[in-house]
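One structure is given here, and the rest of the page talks about it.
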Amino acid sequence: MGKSASKLFAEDLLQTHNEYRRKHQAPPFKLSRKISNEATRYAESLASTRILKHSVESTRGSCGENLAWASYDQSGKDVTDRWYDEVKQYNFKRPGFSSGTGHFTAMVWKSSKKLGVGKATAEDGSTFVVARYFPAGNITNQGHFESNVLPATHSAATPLDV
């Protein structure tokens with residue numbers, strides 16, 4: 001993937017993440033070149049093996065990680081929307097980690113500050129996406145989910161009666 005295409009993809013994914021973060025009272029992510037370079041290297045290794053599996057924790061520093069695979073060229077918004085869709089399964093009355101909501105909670109984790117994005121295309125045309133979050137979210141210690149995964153608010157800027 002060319003530099004400008006990967007930059008547009010990263011900006012699309014960043015913008016969509018930040019829209020969802022705003023909705024969940026979390027500050028916007030800043031895109032990290034260093035973390036994006038590491039995420040891209042990992043996406044390339046996934047594309048070369050065509051196996052979607054998380055990296056070894058010790059190799060990604062203090063970053064959390066979301067992965068996506070598709071048989072087609074996915075946009076940053078498509079990927080982010082699929083991860084965010086897990087919000088439907090998240091129980092805000094009983095906050096905590098679940099494998100069915102981990103992508104969503106990593107995205108909106110309030111104390112995460114930086115985002116790294118990598119995307120690579122396999123020989124068969126399928127695409128692998130790696131998003132890394134610093135510092136990592138989904139911390140299962142008491143109280144962390146309650147203070148980092150906040151319910152969506154309806155912004156005053158969004159007219160409800162259109």
Side-chain angles (χ1 to χ4, degrees), residues 1-87 89-90 95-122 126-141 144-145 147-150 152:
M1 188 166 60
K3 283 283 183 247
S4 61
S6 66
K7 189 173 183 336
L8 289 172
F9 176 83
E11 286 169 1
D12 186 30
L13 191 128
L14 172 70
Q15 180 183 349
T16 310
H17 267 67
N18 284 339
E19 287 167 10
Y20 285 130
R21 286 177 66 78
R22 191 175 320 112
K23 188 174 175 176
H24 288 272
Q25 308 160 64
F29 277 133
K30 296 212 177 347
L31 197 61
S32 163
R33 180 178 289 149
K34 178 183 183 287
I35 299 170
S36 291
N37 288 341
E38 293 163 0
T40 298
R41 276 195 295 280
Y42 191 61
E44 288 166 351
S45 105
L46 292 174
S48 71
T49 61
R50 298 213 312 265
I51 297 171
L52 189 67
K53 68 175 186 176
H54 281 285
S55 62
V56 178
E57 256 183 77
S58 60
T59 65
R60 61 179 123 106
S62 302
C63 290
E65 183 175 75
N66 275 353
L67 305 177
W69 172 87
S71 59
Y72 53 88
D73 185 21
Q74 45 197 339
S75 74
K77 182 174 175 5
D78 290 342
V79 172
T80 307
D81 288 348
R82 283 204 319 272
W83 289 334
Y84 182 80
D85 204 45
E86 294 176 353
V87 69
Q89 276 82 52
Y90 191 75
F97 181 76
S98 149
S99 60
T101 60
H103 296 105
F104 157 69
T105 55
M107 282 176 53
V108 300
W109 195 266
K110 190 174 183 176
S111 62
S112 294
K113 306 288 182 224
K114 293 180 182 175
L115 174 67
V117 181
K119 180 181 174 187
T121 305
S126 62
T127 53
F128 290 81
V129 176
V130 177
R132 290 196 174 160
Y133 307 97
F134 178 85
N138 289 341
I139 299 166
T140 55
N141 300 7
H144 280 269
F145 273 83
S147 57
N148 283 285
V149 181
L150 306 175

Checklist entry - According to the salt bridge (Lys or Arg N to Asp or Glu O under 4.0 Å) rule, which pairs have a member within residues 107-117, sequence neighbours left out? => result none
Checklist outcome for this item: salt bridge (Lys or Arg N to Asp or Glu O under 4.0 Å) pairs touching residues 17-35, sequence neighbours excluded, are Lys34-Glu38
With heavy-atom distances below 4.5 Å as the criterion, would you say the side chains of [X] and [Y] are in contact?
| X | Y | value |
| --- | --- | --- |
| Pro95 | Val149 | no |
| Arg132 | Tyr42 | yes |
| Met107 | Tyr133 | yes |
| Glu65 | Ser55 | yes |
| Phe128 | Leu67 | no |
| Arg60 | His54 | yes |
| Lys119 | Asp73 | yes |
| Thr40 | Ser6 | no |

Can you tell me if [X] uses its side chain to pair, donor with acceptor, with the backbone of [Y] under 3.5 Å?
| X | Y | value |
| --- | --- | --- |
| His144 | Thr140 | no |
| Thr127 | Thr121 | no |
| Ser112 | Pro135 | yes |
| Ser36 | Val117 | yes |
| Gln25 | Leu150 | no |
| Asn148 | Ser111 | yes |

Next on the checklist: We want to know whether Thr101 and Gln89 form a side-chain donor-acceptor pair, criterion being a heavy-atom distance below 3.5 angstrom.
Outcome noted: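 Judged by distance alone, the side chains do not pair up.
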Next on the checklist: If we count only N and O atoms by modelled type, under 3.5 Å, do the side chains of Asn138 and Thr105 hold a donor and an acceptor together?
Outcome noted: yes
Between [atom1] of [X] and [atom2] of [Y], what distance do you get to the nearest 0.5 Å?
| X | Y | atom1 | atom2 | value |
| --- | --- | --- | --- | --- |
| Asn18 | Leu13 | CG | CG | 9.5 Å |
| Trp69 | Leu52 | CH2 | CG | 9.0 Å |
| Phe29 | Ile35 | CZ | CD1 | 9.5 Å |
| Arg41 | Thr59 | CZ | OG1 | 10.5 Å |

Minimum heavy-atom distance [X]-[Y], with the two atoms named:
| X | Y | result |
| --- | --- | --- |
| Ser75 | Asp12 | CB-OD2, 3.7 Å |
| Leu31 | Ala10 | CD2-CB, 4.0 Å |
| Ala47 | Ala122 | O-CB, 3.5 Å |
| Ile51 | Leu46 | O-CD2, 3.1 Å |
| Gly102 | Phe97 | CA-CE1, 3.8 Å |
| Cys63 | Ala136 | C-CB, 3.7 Å |

Checklist entry - Should Phe9 and Val129 be marked as a side-chain contact (heavy atoms from CB on, under 4.5 Å) after you check the CA-CA gap, both sets of side-chain angles, and the distance that decides it? => result CA-CA 10 Å; Phe9 176 83; Val129 176; 3.6 Å; yes
Item to check | Qualifying residue, where the test is ring-ring contact (aromatic ring centres under 6.0 Å, His included) with His24 and the options are Phe104, Trp109, Tyr90 | outcome: Phe104
Checklist entry - Residues in salt bridge (charged side-chain N to carboxylate O under 4.0 Å, His left out) with Glu11, at least two apart? => result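 With sequence neighbours excluded, Glu11 shows a salt bridge (charged side-chain N to carboxylate O under 4.0 Å, His left out) to Lys7, given in chain and number order.
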